[in-house]
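Everything below concerns the one structure shown next.
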Amino acid sequence: MSSDKGCCVSFTRCFFGYSTAKSLVIRSKAVGALNRLCQALVIAYIVGYVCVLKKGYQDTDSVISSVTTKVKGIALTNTSDLGLRIWDVADYVIPPQEENSFFVLTNLNITPNQTASHCAGNPGPESSCSSDHDCKKGFHDSRLSGVRTGRCVNFSETNKTCEVLAWCPLEKSGEPPDPPMLAEAENFTVLIKNSIRYPKFNFNKRNILPHINSTYLSQCIFNNVTDPDCPIFRLRDIVAMAGEDFLTMAVHGGVMGVQIRWDCNLDIAESWCNPLYSFRRLDNKDPENNVAPGYNFRFAKYYKNRDGEEMRTLIKGYGIRFDIMVFGKAGKFHVVPTLLNIGAGLGLMGLVTVVCDWFVLFVMTKRHLYREHKYSYVDDYELVSNEVP
């Protein structure tokens, strides 16, 4: 019976107990120094990191962007297949327009004067034969250049292959020319026009800045030091600023990245919101694994001969694709994020008390004395009187 009464008393004490803050001033240089140090660190975090570095007082918005390009340049080649030929932008920019990118032809393998006819397939494990029984009529797959006719014919004096219905003569496999045929492409230039918008702040701008006029635009070439605002880039310079050699890359082709960053502080003058350009190679260049290197594709030029027969010139083109990527964030003062970040920072001040209390109660020599002064218990008269039998 007495034990039940004791439980009730303990429960009553806990349930009706109330804790209130007690101000305990400890005159200690160690505790005072720790307290001021922690406060200084919190204030430095709020002011230095949240407000200055991260601009926590600003509302932010992400960039919306559009990009157009215009390539210019002329190259001259003289080959046995094509003879003396001039290449302009209509020949080497394929296709004429892409979304946020452009491709420049730098090298090519040419198979001229092809007609749709019958010819011997190229030698290989799948096409070699000794009789017609080895060549299944109508067979074709993605690795063959045509459809088999069912005949085994002479490819050369020593080799026999299955005959195919295809564009003949067949393309010969081999490495692209080195040095590249269109080595002069390194001197081509590209005008990159980039317009950006931050819809939350109704802010618009483009990379052809207000101080750029037609005279300057007709003469400038981008340079990080002398002409950082010029939107015209020499292809050789783009590749060089990515740490690559243009003529080496032009042999097999590749993919380059042109990065445009718009980080704008709209609390200051609009003239400070300018693009920053950087460049890097995007395709994997691994010297230990050079299988299928670079960037290439095939296309054809069709025409008819004097007899009206359709013919074509097959071109395996190698080149460099330039992908233009636009990044950015804008910020402007707004009271809501300011109050939220200041409130969060002030909340960290509570950690200062926790750290100092831990140091006083568990580290200092007189921790038992401090603990006695920190925690005091006052019993209500009515509760005490009820407990007395």
Side-chain angles (χ1 to χ4, degrees), residues 77 79-83 85 87 90-99 101 103-178 180-182 250-255 283-284 286 289-321:
T77 60
T79 64
S80 57
D81 292 324
L82 298 177
R85 177 168 178 174
W87 297 76
D91 298 311
Y92 56 73
V93 176
I94 307 168
Q97 288 294 323
E98 291 188 79
E99 183 179 358
S101 67
F103 174 85
V104 175
L105 190 68
T106 58
N107 208 2
L108 53 157
N109 280 335
I110 302 172
T111 307
N113 303 325
Q114 286 187 318
T115 59
S117 57
H118 298 84
C119 55
N122 289 327
E126 296 182 353
S127 59
S128 297
C129 62
S130 56
S131 66
D132 293 346
H133 294 288
D134 299 326
C135 302
K136 181 180 178 181
K137 185 176 180 179
F139 177 77
H140 61 90
D141 64 21
S142 59
R143 297 180 181 274
L144 298 178
S145 300
V147 181
R148 288 181 180 174
T149 63
R151 298 179 57 207
C152 182
V153 298
N154 292 325
F155 178 82
S156 64
E157 294 181 357
T158 57
N159 290 329
K160 298 183 72 175
T161 59
C162 294
E163 184 184 63
V164 292
L165 172 62
W167 286 95
C168 302
L170 299 178
E171 179 187 24
K172 299 294 189 295
S173 60
E175 287 294 309
D178 189 2
M181 286 183 60
L182 294 177
V251 174
H252 290 95
V255 182
D283 63 316
N284 184 27
D286 186 358
N289 183 12
N290 59 354
V291 178
Y295 184 84
N296 64 79
F297 59 91
R298 291 172 176 83
F299 63 99
K301 305 280 189 179
Y302 291 87
Y303 58 94
K304 290 186 178 181
N305 60 16
R306 293 180 179 180
D307 299 329
E309 182 182 15
E310 185 179 37
M311 305 183 71
R312 77 175 189 181
T313 296
L314 178 65
I315 300 173
K316 183 178 182 181
Y318 301 82
I320 303 175
R321 193 183 76 194

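Residues: numbered from 1 along the sequence shown.
- In this structure, the side chain to side chain contact (heavy atoms under 4.5 Å, CB included) partners of K160, at least two apart in sequence or on a different chain, are C129, C152, N154.
- Using a distance-only test at 3.5 Å, with no hydrogens or angles considered, no donor-acceptor pair links the side chain of N107 to the main chain of Y318.
- Contacts of W87 classified as ring pair (Phe, Tyr, Trp, His ring centres under 6.0 Å), with partners at least two apart in sequence or in another chain: none.
- For the side chain to side chain contact (heavy atoms under 4.5 Å, CB included) test, residues two or more places apart in sequence or in another chain that qualify with P169 are Q114.
- When side chains are defined from C-beta on, M311 does not count as touching Y302, because their heavy atoms never get closer than 4.5 Å.
- Here T149 pairs with E163 under the side-chain hydrogen bond (donor to acceptor under 3.5 Å, both in side chains) rule; sequence neighbours left out.
- Rounded to the nearest 0.5 angstrom, H140 NE2 and R148 CZ are separated by 11.5 Å.
- Using a 4.5 Å heavy-atom threshold, the side chains of N296 and K316 count as touching.
- Here F155 pairs with nothing under the ring pair (Phe, Tyr, Trp, His ring centres under 6.0 Å) rule; sequence neighbours left out.
- Shown here are the side-chain hydrogen bond (donor to acceptor under 3.5 Å, both in side chains) partners of E309, two or more places apart in sequence or in another chain: N305.
- In this structure the side chain of L170 reaches within 4.5 angstrom of the side chain of V164, judged on heavy atoms.
- For V255, the side chain to side chain contact (heavy atoms under 4.5 Å, CB included) test picks out L282, D283, Y295, R321, D323, with sequence neighbours left out.
- Qualifying salt bridge (charged side-chain N to carboxylate O under 4.0 Å, His left out) partners for R312, counting only residues two or more places apart in sequence or in other chains: none.
- T111 places no side-chain N or O within 3.5 Å of a backbone atom of E171 that could act as its donor or acceptor partner.
- Here side chain to side chain donor-acceptor pair (under 3.5 Å) pairs that include residues 120-130, with residues two or more places apart or in two chains, are S130-D134.
- D178 is listed as a side-chain neighbour of V251, based on a closest heavy-atom distance under 4.5 Å.
- To the nearest 0.5 Å, atoms SG (C119) and CG (L165) are separated by 8.5 Å.
- Residues that satisfy the side-chain hydrogen bond (donor to acceptor under 3.5 Å, both in side chains) test with D132, not counting sequence neighbours, are absent from this structure.
- Considering only heavy atoms from C-beta on, H118 stays 4.5 Å or farther from R151 through its side chain.
- Closest heavy-atom contact between A120 and T161: CB-OG1, 3.4 Å.
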L105 vs L182, side-chain contact (heavy atoms from CB on, under 4.5 Å): CA-CA, chis, key distance, verdict: CA-CA 7 Å; L105 190 68; L182 294 177; 4.1 Å; yes
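- Qualifying ring pair (Phe, Tyr, Trp, His ring centres under 6.0 Å) partners for Y303, counting only residues two or more places apart in sequence or in other chains: none.
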Steps toward side-chain contact (heavy atoms from CB on, under 4.5 Å) verdict (I320, V104): CA-CA 6 Å; I320 303 175; V104 175; 5.6 Å; no
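- Partners of T313 by side-chain hydrogen bond (donor to acceptor under 3.5 Å, both in side chains), not counting sequence neighbours: none found.
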